[in-house]
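Single-structure report; data block below.
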Amino acid sequence: MKRVTLAVPVYNEEEAIGPFRAAIEELRDELARRFEGGVRLDVLFVNDGSSDSTVERILSWREDTTDVALIDLTRNFGKEAALTAALIEAEGDAVVPIDVDLQDPPALIADMVELWLNGAELVLARRTDRSEDSLAKRSTARWFYRLHNSLAKIQLPENVGDFRLMDRSVVDAVNALPENRRFMKGIFAWVGFTPVFVDYKRPVRSAGKSSFSFWKLWLLAIESITSFSAVPLIMWTYIGLMISMLSLAYACFIVARTFVFGVDVPGYASLLTGILFLGGIQILGIGVLGEYVSSIYSEVKRRPTYLVRTRHGLSPEGSETAKTMNSKQRTR
Ligand code: UDP
Ligand code: MG
């Protein structure tokens with residue numbers, strides 16, 4: 001019997017667990033109806049340091065079924081880290097990362113599973129319509145994708161999020177990437193594989209509120225660009241070269257002019273403009289260097305991406321992948 005694991009990061013989602021459970025139970029019925037041999041669906045929650053009753057609600061769901069597991073992290077590590085944990089520990093033949101707030105409709109999973117059983121290695125859920133997001137969010141998202149895709153070789157598909165079905169081979173490829181800074185959209189794009197698509201309209205959040213502020217999204221955008229493009233780092237060579245050449249030409253012009261027209265003292269305004277402009281450019285360049293140095297810094301520390309407090313419903317050391325990952329991390 002084929003097994004599909006839903007990988008669900010949760011952070012202060014006590015109100016969303018109930019509706020999610022109802023949707024999953026409906027999905028189980030649908031899977032049983034559609035696939036004769038049956039497909040086993042299990043849910044792997046990763047509690048990302050919630051301070052509300054999220055864990056209690058998941059544990060009380062666990063009392064009624066064996067198909068729900070929970071990994072409790074020691075603190076809030078952020079969604080990317082929580083998702084990394086879920087992918088490492090998930091044991092299914094296919095894994096579906098999904099948000100608990102029903103913005104990734106579970107009903108779609110039946111279609112994804114069908115495509116997978118027919119041979120697809122990767123099924124991406126594509127949003128046909130983002131009209132539920134605010135105008136500001138939509139336009140900043142559009143600018144981000146444009147900037148990222150013009151700077152980086154790995155192209156991020158614009159209307160695709162983390163919601164997707166990945167065959168075991170894809171999950172293993174994702175888990176094999178050793179970096180600690182885990183911008184999952186980029187990592188998913190990097191591993192490749194051939195996708196097929198299912199389309200959907202992204203609904204609004206079922207309950208609770210989004211934990212992504214403008215600042216958090218900004219930091220994520222910087223992380224994605226510094227993880228997948230060196231262009232901001234290298235471009236200073238060319239900017240510097242251009243400014244030096246212009247300065248050299250200007251110097252020649254001044255020397256020639258002095259020979260022809262004699263000494264010319266005024267020029268305070270152009271001097272000041274030049275100094276301020278170059279000062280600004282230099283600080284900007286140093287700032288960009290700082291972004292990359294800080295990402296090197298966080299990589300070389302080789303700290304684990306997340307720490308587990310307890311595992312409910314998984315073997316104590318985690319799955320086979322988790323075991324090899326952990327020993328790899330220890331020896332690295
Ligand atoms: N999430 C998480 N850790 C965090 C923030 C969010 O695990 O630090 C989870 C959250 O519980 C949800 C998913 O990530 O299941 C998506 O979060 P959210 O709905 O807030 O993001 P949005 O839909 O606004 O992008
Ligand atoms: Mg959401």
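Bear in mind that the values here come from a model prediction, so they are computed numbers and not experimental data. Note: hydrogens, waters and symmetry copies are ignored here, and every other heavy atom, side chains too, is used. Both counts, for ligands and for their atoms, begin at 1 and track the order of listing.
- Counting protein heavy atoms only, atom 9 (C) of ligand 1 is closest to P9 O, 3.6 Å.
- No side-chain heavy atom of F188 sits less than 4.5 Å from a side-chain heavy atom of F183.
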Test log, rule side-chain hydrogen bond (donor to acceptor under 3.5 Å, both in side chains), inputs S169 and D172: CA-CA 5 Å; S169 53; D172 288 344; over 6 Å; no
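- Geometry note: the Mg ion (ligand 2) is the vertex, D101 OD2 and Q103 OE1 are the arms, and the angle is 100° (rounded to 10 degrees).
- A donor-acceptor contact under 3.5 angstrom links the side chains of T84 and R182, judged on distance only.
- Remark: ligand 1 atoms within the under-4.0 Å shell around heavy atoms of V100 are 15 (O).
- Below 4.0 Å from some heavy atom of D101 lie the following atoms of ligand 1, by number and element: 19 (O), 23 (O).
- Backbone and side-chain nitrogen or oxygen atoms of G78 are examined, and none is located within less than 3.5 angstrom of a nitrogen or oxygen of ligand 1.
- For ligand 1, the atoms closer than 4.0 angstrom to any heavy atom of V10 are 7 (O), 11 (O).
- In this structure, the protein non-hydrogen atom closest to atom 16 (C) of ligand 1 is D99 OD2, 3.3 Å.
- Classification of the H148-F228 ring pair by plane angle, with boundaries at 30° and 60°, yields tilted.
- Side chains of R303 and S298: a donor-acceptor N/O pair is absent below 3.5 angstrom, by distance only.
- For atom 21 (O) of ligand 1, the closest non-hydrogen atom of the protein is F212 CD1, 3.3 Å.
- The side chain of N76, and not its backbone, has at least one atom closer than 4.0 Å to an atom of ligand 1 (non-hydrogen atoms only; side chain from C-beta on).
- What sits closest to atom 1 (N) of ligand 1 on the protein, heavy atoms only, is Y11 CB, 3.8 Å.
- Geometric assessment of R75 against the ring of F77 yields a positive cation-pi assignment under the 6.0 Å and 45° thresholds.
- For atom 5 (C) of ligand 1, the closest non-hydrogen atom of the protein is S211 OG, 3.2 Å.
- A salt bridge does not link R164 with D162: none of the charged nitrogens is closer than 4.0 Å to a carboxylate oxygen.
- Cation-pi geometry between K301 and Y297 is satisfied (NZ or CZ under 6.0 Å from the ring centre, within 45° of the ring normal).
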Step by step, work out the salt bridge (charged side-chain N to carboxylate O under 4.0 Å, His left out) result for R311 and E89. CA-CA 10 Å; R311 292 184 173 84; E89 312 255 348; 2.7 Å; yes
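- Atom 14 (O) of ligand 1 has K79 CD, 3.3 Å as its closest protein atom, hydrogens excluded (heavy atom only).
- Between the side chains of S53 and E14, at least one donor-acceptor pair of N or O atoms lies under 3.5 Å.
- Of the protein's heavy atoms, D48 OD2, 3.5 Å lies nearest to atom 4 (C) of ligand 1.
- Protein heavy atom nearest atom 25 (O) of ligand 1, with residue, atom name and distance: K137 NZ, 3.9 Å.
- Contact annotation for E13 and ligand 1: only side-chain heavy atoms (C-beta onward) come within less than 4.0 Å of the ligand.
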